Q: 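Next up is a structure, given as structure tokens.
Predicted model only: the values in this text are computed from it and were never measured.
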Amino acid sequence: MSIQNRDNLRKRTGGTVNSDGSPSEPVTDAVSPKKDADSSSADYKSGTNWVHAGGIEANPYLFVLVVLSPFLSLLLAYATGGDIINNDWRVTHPLTEMLPACTSDVSGCISNTLAAGMSVVPTMEGAKFVLTFMAVALVLERFLPGKIEFGPETATGHVPRYVDNGVAHCFVYSVLFFLGSNLGPCGDSSEQMLPALGDVFEKVGVCEYYTPYNFGIMYDAFESSLSFLNIFGIFFCMFLTYKGLCFPSTQDSGSSGSWVKDYLWGTELYPRVFGLDLKRFINCRFSMTFWQLAGFSFCYRSYVLHGVMDWGLFFSALSQYLYLVKFFFWEMGYMRSIDIIVDRAGYEIQWGCLVWVPAVYTFHSRFLVQHPSGLSYGVALSLFVLSMAGVALNYAADRERDVFRASKGQCKVWGSKPRYITAKYTIVDPKTGIATQKTSLLLASGFWGMARHFQYFFELTAAYSWCFLANPLENGVMVMIYALFLTGLLVDRSKRDTEKCQLKYGKYYNEYCELVPYKIVPGIY
């Protein structure tokens, strides 16, 4: 390590820390202003928050996936529905039966594939479920109390403000979903899980005015709900593109000059409507809540359909539910992640959270409704323990960074003083052209000294465990879709995060990479 690096490591300057271990409110130094002659170009670059190359359209493989994603999502919904059991598709043998059948009759395969995808259509039931689901989330977002928290400062000087009520949302929504179903107090007496509470509701007369839904509704209405979300998401992203160009909420906005890129990547970083943060609402309050509750809804439908408990599905649902409880505890950390501080509110993120997350992230659980895992209690429990180890270590890594952030670097990491880089970066006020130099701390100890995104390894451990609980040896490789997709996504995300930090911190980030050379897996990648 150079003398300059050693001197840099000895510095201990103040400020709260961003998602990369850097402070969001550091000490500032005035820098002489420099106004770019080409104001439109300068405004766009400043509004991209140090990511001038845009979103995943820079990756040709992910770009192709984005283009095909609306139809692919419909196929994934069809592949886990009840109708597929009644045709010749063998989704449990995609490589040995489906692929050879397609290669032997290409035109027939294309025709059947198109017919399958187009058969997934929206219905009033699906639209009603989605809109009601969102309405409940919106009410909780507005009225649940919480501490005021702030996200990291952008390149234009904007500091996003949030009400930290994610944990309350998580548990209140879970309780409401249970109480409103046939398993709740208004359900049939033979199905109620809390009959004493049912007696109270009956005496009050609540159930005379309310008809409960079936707890398996998230499976029963999945295909029509996803089709509705597909259409809704496409038009919603059109609105976001227009809003970012015509009436943005912050200065972190603008056009790239390409309508395609503007639609896919977005034109605004932090869109709000009537004070509602649209990115947080879609990404967290709808998408993550849908994923969290879906597993147990699928598990119930499987039990009713087959008459026995599928331990693979049960432990998968339980692990994913607990993982998302962890997510809501860490929600403010997510609001400082690349999804929020780098990726704009465009098709890639917003349509992805509205449609792709329900279609792909729940696929391995949804698949088991029609094709039980067949795993024994012991095997399923072992995989559950492995998944929870991944969840726990993922949380430990995030927590370690949060403590470092809160203490402004004045803490111990794994029993020792933390090693970190003191990095400088510059923000520019687009209105005045005044540049301000600020300071960040880049943590290079503990989990964050082993790899720059070691928490991704633990997240992948949990993801592969969930897919293994779907028993790919029996049910085929399709149940691995989520884990394989997440692997590609996190590898691409680590690459984009590196590019963003190099643009933001320059030589300081290069020094940091010398200390922590690996991105995700120590010694390998």
Side-chain angles (χ1 to χ4, degrees), residues 59-123 126 218-231 294 298 301-302 305-306 308 310 312-313 316 351-352 355-375 463-464 466-489:
N59 184 318
Y61 303 105
L62 288 177
F63 180 72
V64 171
L65 181 62
V66 164
V67 173
L68 299 177
S69 54
F71 187 72
L72 287 177
S73 67
L74 299 179
L75 283 180
L76 293 176
Y78 178 82
T80 56
D83 291 342
I84 199 167
I85 300 298
N86 302 319
N87 64 26
D88 296 331
W89 283 43
R90 295 296 303 275
V91 291
T92 55
H93 299 80
L95 300 181
T96 58
E97 294 189 19
M98 287 181 64
L99 186 60
C102 277
T103 54
S104 63
D105 183 10
V106 176
S107 61
C109 179
I110 294 175
S111 176
N112 289 337
T113 301
L114 292 175
M118 297 303 293
S119 70
V120 180
V121 296
T123 65
M218 296 188 75
Y219 179 81
D220 298 336
F222 186 83
E223 291 183 55
S224 58
S225 297
L226 191 82
S227 182
F228 172 78
L229 281 169
N230 217 331
I231 298 170
F298 299 160
R301 176 53 62 228
S302 171
L305 182 63
H306 302 289
V308 295
D310 182 348
L313 177 51
S316 178
W351 181 93
V355 184
W356 196 248
V357 167
V360 175
Y361 287 40
T362 71
F363 183 85
H364 48 284
S365 304
R366 204 169 65 249
F367 193 92
L368 294 181
V369 175
Q370 298 293 337
H371 308 278
S373 69
L375 296 179
Y464 277 91
W466 299 332
C467 291
F468 290 150
L469 281 164
N471 196 358
L473 295 179
E474 180 68 25
N475 282 329
V477 71
M478 284 187 68
V479 297
M480 300 300 297
I481 285 176
Y482 166 64
L484 295 173
F485 168 77
L486 187 65
T487 301
L489 179 69

Q: How close do L74 and V120 get, heavy atom to heavy atom, and via which atoms?
A: O-CG2, 3.5 Å
Q: Quick one: does L313's side chain get under 4.5 Å of L469's, heavy atoms only?
A: no
Q: Just verifying a value: how many Å separate L229 CG and S224 OG, rounded to the nearest 0.5 Å?
A: 9.5 Å
Q: What distance separates S225 OG from M218 CE, expressed to the nearest 0.5 Å?
A: 8.0 Å
Q: Looking only at non-hydrogen atoms, find the nearest pair between W351 and P70 and report the distance.
A: CZ2-CA, 3.6 Å
Q: Quick check for you: to the nearest 0.5 Å, what is the distance between Y464 atom OH and M480 atom CE?
A: 6.0 Å
Q: If you measure only the distance, is there a donor-acceptor pair under 3.5 Å linking the side chains of N475 and S373?
A: no
Q: Using modelled atom types only, decide if a donor and an acceptor are shared between the side chain of S302 and the backbone of F298 within a distance under 3.5 Å.
A: no
Q: Taking N112 for its side chain and G108 for its backbone only, find out whether a donor-acceptor pair lies under 3.5 Å.
A: yes
Q: If every non-hydrogen atom of G117 is compared with every non-hydrogen atom of F71, which pair is closest and at what distance?
A: CA-CE1, 3.6 Å
Q: Testing D310, V308, L305 one by one against P372 for a side chain to side chain contact (heavy atoms under 4.5 Å, CB included), which residue passes?
A: D310
Q: Evaluate the ring planes of W356 and F485, with Trp represented by its six-membered ring, and classify them as parallel (under 30°), tilted (30 to 60°) or perpendicular (over 60°).
A: perpendicular
Q: For a quick test of reading the model, state the closest non-hydrogen atom pair linking F363 to L76 and the distance between them.
A: CE1-O, 3.6 Å
Q: So which heavy atom on L226 is nearest to which on P358, and how close?
A: CD1-CB, 4.1 Å
Q: Give, for atom CD1 of I481 and atom SG of C467, the distance between the pair rounded to the nearest 0.5 Å.
A: 9.0 Å
Q: Is there a donor-acceptor contact under 3.5 Å linking the side chains of T80 and Y219?
A: no
Q: In terms of the angle between their ring planes, are Y482 and H364 parallel, tilted or perpendicular, with boundaries placed at 30° and 60°?
A: parallel
Q: Do side-chain atoms of S104 reach the backbone of P100 as a donor and acceptor pair under 3.5 angstrom?
A: yes
Q: Could you give the distance from CG (N471) to NE2 (H371), rounded to the nearest 0.5 Å?
A: 12.5 Å
Q: Between M478 and A79, what is the shortest heavy-atom contact and its length?
A: CE-CB, 4.3 Å
Q: Relative to F222, does R366 satisfy both conditions: NZ or CZ under 6.0 angstrom from the six-membered ring centre, and within 45 degrees of the ring's axis?
A: yes
Q: For Y361, check side chain to side chain donor-acceptor pair (under 3.5 Å) against everything at least two apart and list the hits.
A: none
Q: For S365, does its backbone N or O pair with a side-chain atom of T362 as donor and acceptor, under 3.5 Å?
A: no
Q: Tell me if a side-chain donor or acceptor on S227 pairs with a main-chain N or O of E223 at a distance below 3.5 Å.
A: no
